Amino acid sequence: MAASYVERVLDVVDRVPAGRVLTYGDVAELVGVAGPRQVGRVLATWGDAVAWWRVLRADGTHAPRLRAEATRRLRAEGTPMRDGGRVDLAAARWAG
DNA sequence: AGCCTGACAGATA
DNA sequence: GTATCTGCCAGGC
């Protein structure tokens, strides 16, 4: 693996304040990773050490596997949520 | 080497 | 609004 960007991804996610979120695409752009899928891969493998639930998809939802856990955590942090358990990206998106 | 899969995004129907 | 396709990069077999 190219562990170089892994540290950067984890670092960025770790800097995201509670109640704020980022899309995979945003993280990818911030760290310079060539593709949002790699961000997801990083979190899937080493995400257990960071606040992975603050990184979500462009439509404000997570994959079915994470939906329950992530929604619970985000709600506990006071993240702006829209009806349906979706995150209000317009209000919760972190600039960095 | 080739082929399939994935915690994605954007476009299209 | 949902369903499907394509492009992207990395990893596993």
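Below, chain A is the first sequence line, B the second, and so on; all start at residue 1. All values reported here derive from a predicted model rather than from experimental measurement.
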Kindly indicate whether the side chain of A:Tyr24 and the base of B:dA9 share any N or O donor-acceptor pair separated by less than 3.5 Å?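 A donor-acceptor contact between them is absent.
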Non-hydrogen side-chain atoms of [X] and [Y] separated by less than 4.5 Å:
| X | Y | result |
| --- | --- | --- |
| A:Val31 | A:Gln38 | no |
| A:Leu22 | A:Leu30 | yes |
| A:Val9 | A:Val55 | no |
| A:Trp94 | A:Asp26 | no |

OP1 or OP2 of C:dG1 sitting under 4.0 Å from any side-chain N/O of A:Arg86?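 Looking at the OP1 and OP2 atoms of C:dG1, one of them is under 4.0 Å from a side-chain N or O of A:Arg86.
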Determine: side-chain N/O of A:Arg41 to OP1/OP2 of B:dG6, distance under 4.0 Å, yes or no.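 No, A:Arg41 has no side-chain N/O under 4.0 Å of OP1/OP2 on B:dG6.
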Spacing of [X] atom [atom1] relative to [N] atom [atom2], expressed in whole Å:
| X | N | atom1 | atom2 | value |
| --- | --- | --- | --- | --- |
| A:Leu10 | B:dA7 | CG | P | 17 Å |
| A:Asp48 | B:dA7 | CG | P | 15 Å |
| A:Leu56 | B:dA9 | CG | P | 8 Å |
| A:Asp59 | C:dT2 | CG | C1' | 12 Å |
| A:Arg37 | B:dG10 | CZ | P | 14 Å |
| A:Arg93 | B:dA9 | CZ | C1' | 12 Å |
| A:Arg57 | B:dG6 | CZ | P | 13 Å |
| A:Trp46 | B:dG6 | CH2 | P | 18 Å |

Measure from the side chain of [X], starting at C-beta and using heavy atoms only, and say which of [options] lies closest.
| X | options | answer |
| --- | --- | --- |
| A:Ala63 | B:dA7, C:dC8, C:dA10 | B:dA7 |
| A:Gln38 | B:dA7, C:dC9, B:dA9 | C:dC9 |
| A:Pro36 | B:dA7, C:dG7, B:dA9 | B:dA9 |

Counting the atoms with a prime plus P, OP1 and OP2 as sugar-phosphate, which does A:Ala58 contact under 4.0 Å by heavy atoms, base, sugar-phosphate, or nothing?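 Touches sugar-phosphate only.
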Which part of the nucleic acid, if any, lies within reach of A:Arg65 when heavy atoms closer than 4.0 Å are counted: base, sugar-phosphate only, or nothing?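 If one applies the 4.0 Å heavy-atom cut-off, A:Arg65 turns out to touch nothing in the nucleic acid.
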Does the side chain to side chain contact (heavy atoms under 4.5 Å, CB included) test come out yes or no for A:Trp53 and A:Arg72, once each step is laid out? CA-CA 9 Å; A:Trp53 55 91; A:Arg72 193 165 63 91; over 6 Å; no
